2 protein chains.
Amino acid sequence: MNMGNVAVEQGCLRVTPLSSGRCTVCGVREAAFCAVLSPSELQQLHAISSHKIFEQGELIVEEDATVRQVANVLGGTIKLFKLLPDGRQQITGFLFAGDFLGPMLSGEYATFAEAVGRVELCVFDQDRLRERMDAWPHLERRLFEDATATLDRALDWMLLLGRKTAGERVASFFVMLADRVGPKDEPQALIEVPMSRSDIADYLGLTMETVSRQISQLKRTGLVRAPSQHMLELTDLAALRRIAEGSDERR
Amino acid sequence: MNMGNVAVEQGCLRVTPLSSGRCTVCGVREAAFCAVLSPSELQQLHAISSHKIFEQGELIVEEDATVRQVANVLGGTIKLFKLLPDGRQQITGFLFAGDFLGPMLSGEYATFAEAVGRVELCVFDQDRLRERMDAWPHLERRLFEDATATLDRALDWMLLLGRKTAGERVASFFVMLADRVGPKDEPQALIEVPMSRSDIADYLGLTMETVSRQISQLKRTGLVRAPSQHMLELTDLAALRRIAEGSDERR
DNA sequence: CGGGCTCTTGACTCAGCTCAAGATTTGTGG
DNA sequence: CCACAAATCTTGAGCTGAGTCAAGAGCCCG
């Protein structure tokens with residue numbers, strides 16, 4: 001558990017005027033929803049966008065905040081989380097480059113969002129984006145698909161939180177990271193782990209200590225190696241996958 | 001945990017020819033997505049629909065099954081769940097009258113679906129429904145909204161599964177039931193609990209025994225009364241809500 | 001009214017938590 | 001580039017909430 005530095009400031013996306021370059025050269029263009037737009041549509045979208053930076057640990061949005069802005073993540077990692085009154089925290093997901101931040105239909109965020117390390121966003125006014133969504137059915141469809149993918153991931157995580165052992169959870173976490181940020185289809189992968197042990201714990205429904213012990217265990221077994229604190233080499237992704245799915249001899 | 005009667009049969013919605021009455025007199029019309037359709041649209045929808053019954057414990061769909069059909073729940077309760085290879089089960093949600101069953105965009109179900117008691121469905125061919133969705137933006141929007149609501153509920157449940165105590169989970173469960181199937185805004189409610197203790201446990205990430213002990217505890221405290229096994233009277237919904245949210249003295 | 005469920009309760013166990021040192025790593029300033 | 005403080009991470013020892021195993025008690029249905 002982790003009381004966290006939730007020294008909530010104003011709780012709203014603050015817009016900085018900056019807007020670097022055109023959408024056509026954007027690094028996450030292919031990964032983000034913009035991928036479904038034509039060049040002329042992209043140009044219209046560019047007109048209602050602006051860039052914005054959040055530093056390590058900054059709160060980006062509050063739960064239940066009524067917000068007029070949504071965004072694409074250009075770089076960095078965001079944690080989405082919920083809190084209980086006494087400070088218990090559950091991370092409901094992480095956003096990486098190319099992911100969409102914000103409620104797509106309702107005006108309210110369902111979770112808090114905080115920057116894990118420095119984050120760069122491409123921000124849109126929600127009303128204007130919704131106008132575009134009304135005008136371009138393929139854009140709405142794409143956002144619908146994103147929501148569906150997010151839901152599928154949430155259901156998988158419910159299985160993890162409700163029924164998996166600590167060892168299976170940690171293995172699942174690394175597999176998830178490899179699938180989402182690592183090179184595709186590599187039998188072994190060197191991945192960045194931008195979040196703290198305590199964030200990992202809050203994502204897995206465990207304590208920091210248990211996460212640490214399980215990682216040590218994996219190192220001893222030789223399934224992972226750690227060149228540095230926030231770098232991890234998954235030496236046997238297939239075995240990790242088996243543990244994650246609970247097929248192997250339990251623990 | 002619960003190995004369940006997953007004696008998977010053919011795993012597909014089987015269509016019976018029956019089709020009782022017109023949509024205009026349908027009992028769940030206002031609750032289901034059909035509510036956004038005009039009379040003439042409703043008539044077109046009716047042309048591609050058929051009714052179907054599943055008995056207690058019948059498997060309605062398998063996880064990852066590629067299915068050509070989706071449905072509205074007309075009556076009864078459906079449990080949606082995931083399994084680990086060794087039989088550990090996590091229920092990801094329940095569907096009640098008016099709810100939509102099926103993947104809205106992809107062709108694959110993310111979970112198993114099983115009838116809790118007798119279930120009546122209004123079944124649609126998925127391709128035909130998608131045609132309607134393409135033709136009627138307000139229908140797509142409505143299904144998008146449903147998906148968003150389902151996602152929000154899943155996020156709340158992640159907090160429950162990751163961070164709440166057994167007592168808080170059981171209280172949350174009853175509050176959820178009251179909110180979804182009970183009369184609205186009643187300070188106390190008499191609700192039907194169609195699912196078994198073991199299903200409740202698989203929804204809450206607990207064992208049957210722990211659920212049973214927690215319910216006994218609530219009875220002793222006087223917060224609930226049980227006229228029968230599957231009937232529950234929530235005598236102090238506000239207090240239950242407080243426990244569910246973890247604000248009260250823990251446990 | 002009896003046999004098979006499902007549910008409840010009790011006694012004991014254990015996976016993961018808590019509390020408490022240490023050990024690393026990171027960041028900072030001289 | 002090094003020293004040193006702060007933060008983060010690891011490890012250990014003991015505790016505990018929920019699980020497991022095992023009786024019973026109710027309930028339902030033929």
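Protein chains get the first letters and strands the later ones, always in sequence-line order, with residue 1 at the start of each. Keep in mind that what you see is a predicted model, and the values were worked out from it rather than measured.
Atom CG of B:Leu218 is separated from atom P of C:dC7 by 16 Å (rounded to the nearest Å). In this structure, B:Met208 atom CE and D:dA25 atom C1' are separated by 13 Å, rounded to whole Å. Between B:Leu206 atom CG and C:dC7 atom C1' there is a gap of 16 Å when expressed in whole angstrom units. Distance CD (B:Glu168) to P (D:dG17): 13 Å, rounded to an integer number of Å. Distance CE (A:Met231) to P (C:dT26): 12 Å, rounded to an integer number of Å. Summarising the geometry, the separation between CD on A:Gln217 and P on D:dG12 is reported as 13 Å, rounded to the nearest angstrom. Between the CZ atom of B:Arg197 and the C1' atom of C:dT8 there is a distance of 9 Å, rounded to whole Å. To the nearest angstrom, C1' of D:dC9 lies 9 Å from NZ of A:Lys219.
Checking A:Thr111, A:Asp202, A:Asp199 one by one against A:Lys79, the side chain to side chain donor-acceptor pair (under 3.5 Å) holds for a single residue, A:Asp199.
Scanning atom types as modelled, one donor and one acceptor separated by under 3.5 angstrom connect the side chain of A:Arg213 and the base of D:dG12.
The neighbour count for A:Arg118 CZ, taken as heavy atoms of other residues, nucleotides or ligands under 6.0 Å away, does not exceed 12.
Listed nucleotides: D:dG19, D:dT10, C:dG16. Nearest to the side chain of A:Ala166: C:dG16. In this structure, the nucleotide among C:dC17, C:dT9, D:dG19 sitting nearest to the side chain of A:Thr207 is C:dC17. Among the nucleotides D:dT11, C:dT8, D:dG19, the one closest to any side-chain atom of B:Ser212 is C:dT8. Closest to the side chain of B:Ser196, from the set C:dG16, D:dT10, C:dC7, is C:dC7.
Sequence order on DNA chain C of the closest nucleotides to A:Arg169 and B:His230 puts B:His230 first from the 5' end. Along DNA chain C, the nucleotide nearest A:Lys164 and the nucleotide nearest A:Glu209 are compared for position; the residue whose nucleotide lies closer to the 5' end is A:Lys164.
The aromatic rings of B:Phe94 and B:Tyr203 stand perpendicular to each other, their planes meeting at an angle above 60°, with 30° marking the opposite boundary.
Using a 4.0 Å heavy-atom criterion, one finds that B:Ser216 contacts the sugar-phosphate atoms exclusively.
Residues B:Val61 and B:Phe112 form no side-chain contact, since every pair of their non-hydrogen atoms from C-beta on lies 4.5 Å or further apart.
In summary, the side chains of B:Lys82 and B:Thr92 do not present any donor paired with an acceptor at a separation below 3.5 Å, with no hydrogens or angles considered.
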